[in-house]
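Structure, as structure tokens:
Residue numbering restarts at 1 for every chain, and letters A, B, ... go by the order of the sequence lines.
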Protein chains: 2
Amino acid sequence: MPRPSLKDQRSDEILDAYLTCVARFGLEGATQERIAAEAGVKRPLLRHYLGNRGQMITALCDHVVLVFDRMTDGADAVLKEAQSYEEVIGLLFAEDIDHDPRLLVAWQALAVSVGDQPDQRDALLNSLERFLQALTRTFQRLSPNRSMEKTRAVAQGVMAILVNLDSLSILSPPQAWRNELRDGAAILLASLEGEG
Amino acid sequence: MPRPSLKDQRSDEILDAYLTCVARFGLEGATQERIAAEAGVKRPLLRHYLGNRGQMITALCDHVVLVFDRMTDGADAVLKEAQSYEEVIGLLFAEDIDHDPRLLVAWQALAVSVGDQPDQRDALLNSLERFLQALTRTFQRLSPNRSMEKTRAVAQGVMAILVNLDSLSILSPPQAWRNELRDGAAILLASLEGEG
DNA sequence: TTATTTTTTGTCATAATTGACAATTTATCA
DNA sequence: TGATAAATTGTCAATTATGACAAAAAATAA
């Protein structure tokens, strides 16, 4: 007899608008007015669905980690098919890739402001570690004879380059930079090739 | 006859406090109250020395670029003495290096919020380009036979790893990550070694 | 000491942001 | 249709942030 609940759907919509605002204005710049406008709802609804400001930040953190993990799973599935490092580079640096540019920006904004809350700190670090392990698994499969240490180091380097590319994209850097960063990742991967 | 002006000194002190607050709370979270408290002055002084909010942001952007360039010059001077890539790695990743952890965090906070103002955008990008060129010069000196393309790509990769390390440091990641990132940079540099 | 300029502080008005809650509307089922 | 529970909206108080300006304090040279 009750009206059907839209809690999950609306919460997701609002969190997505929140994510957009944080990526554009920073965490403190993402006011409830802006979020509500972005989501196309009235401000009191934010409170209704997500709670007060602190609870909203916690919910956003969970949401970012969730989306990040989904992205990792997607990348992992695609990387499983790759048969060469050229293919890996092509997949990771594809221009037309379905890749959310807001994600890492919001990730970093959260990192600076929740660094003191252990739970959220660990959640953010874990989401990175998951992605790192996805990369590492693929590299190990393509170069099974390499030491774990070297494989991890290369994976860290590739991830750093990917993160850097995302951070820079806000400033729309020259295309040459993008190419150079991709080539840098390719050089790193090439170090895993060849015999033992 | 007039009282001696402290404008330059006070402005620098306030900008430094501003930098601290932006690194800790984000650009929008760096309120005048917090800045004044951090600088140990009363709030109206901020306005007196730096102007209104918009002018303060502009001044901060200039200050960050200035400090960044000073850091680049310092790194450049040190790198000039390096005779091997092991030395380069040791210098860039020294634990005890005199290196301001606020700098890149504030750089990124500014990047997301001034992305639309062309002047500040270019200033921020130029400061990165300057550091990139400092790295590139050293790598070219140590490996004069390498192509410019490869040298730049390696420099971009190393810079990405350094930036990433700074961004992560807020979350105090496991020491293993730091080591892996440093090893990743070392692997990149090793690709410049050897003949032709 | 006095004039001059700057620093520094005090204070008020306005706008922005958030918290809280009442009231209304809407959709479902009995 | 009427009851029920949820969604949605309206509104106000409290807190916070900013802008603006007047006034006091301090330092130097004449």
Worksheet item: Counting side-chain heavy atoms from CB outward, which of D/dT18, D/dA7, C/dG10 is closest to A/H48?
Response: D/dA7
Worksheet item: For DNA chain C, whose closest nucleotide is more 5', that of B/R43 or that of B/D8?
Response: B/D8
Worksheet item: To the nearest angstrom, how far is B/M56 atom CE from D/dA17 atom C1'?
Response: 12 Å
Item to complete: Could you state the atom-to-atom distance from CG of A/N52 to C1' of C/dA20 in whole Å?
Response: 11 Å
Worksheet item: Do the rings of A/W107 and A/F68 sit parallel, tilted or perpendicular, given the 30° and 60° boundaries?
Response: tilted
Discussion item. Any side-chain N or O of A/Q32 below 4.0 angstrom from OP1/OP2 of C/dG19?
Written reply: yes
Worksheet item: When the distance from CG of A/L46 to P of C/dA20 is rounded to whole Å, what number comes out?
Response: 14 Å
Worksheet item: Is the number of heavy atoms from other residues, nucleotides or ligands within 6.0 Å of CD (A/Q133) greater than 12?
Response: yes
Discussion item. Checking contacts here: which listed nucleotide (D/dG19, D/dT9, D/dA7) is nearest the side-chain heavy atoms of A/K7?
Written reply: D/dA7
Worksheet item: Between A/I14 (CD1) and D/dT8 (P), how many Å, whole number?
Response: 8 Å
Practice prompt. Report the relative orientation of the aromatic rings in A/F139 and A/Y85; use parallel for angles under 30°, tilted for 30 to 60°, perpendicular for over 60°.
Written response: perpendicular
Worksheet item: Quick one: B/E33 CD to C/dA16 P, roughly how many Å, whole number?
Response: 18 Å
Worksheet item: Under 4.0 Å between a side-chain N or O of A/Y49 and OP1 or OP2 of D/dA6?
Response: no
Worksheet item: Does OP1 or OP2 of C/dG19 have a side-chain N or O of A/R53 closer than 4.0 Å?
Response: no
Worksheet item: Do A/E193 and A/S143 have a side chain donor and acceptor closer than 3.5 Å?
Response: no
Worksheet item: Which of these nucleotides, C/dG19, C/dC21, C/dG10, is closest to any side-chain atom of A/P44?
Response: C/dC21
Discussion item. Within the 4.0 Å heavy-atom criterion, would you say A/L45 contacts the bases, only the backbone, or no part of the nucleic acid?
Written reply: base
Worksheet entry | Rounded interatomic separation in angstrom, taking CG from A/L50 and P from C/dT18 | 13 Å
Worksheet item: What do the steps show when you test B/D76 against B/R137 for side-chain contact (heavy atoms from CB on, under 4.5 Å), and what is the final call?
Response: CA-CA 9 Å; B/D76 196 31; B/R137 274 195 301 274; 3.1 Å; yes
Worksheet item: With sugar-phosphate meaning primed atoms plus P, OP1 and OP2, does B/R10 contact a base, only sugar-phosphate, or nothing at under 4.0 Å between heavy atoms?
Response: sugar-phosphate
Discussion item. Quick check for you: among C/dT18, D/dA27, C/dG10, whose closest atom lies nearest to any side-chain atom of B/P4?
Written reply: D/dA27
Fill in: Gap between atoms CZ and P, on B/R47 and C/dT14 respectively (whole Å)
16 Å
Worksheet item: Which of the following nucleotides, D/dT18, C/dG10, D/dG10, is nearest to the side chain of B/K42?
Response: C/dG10
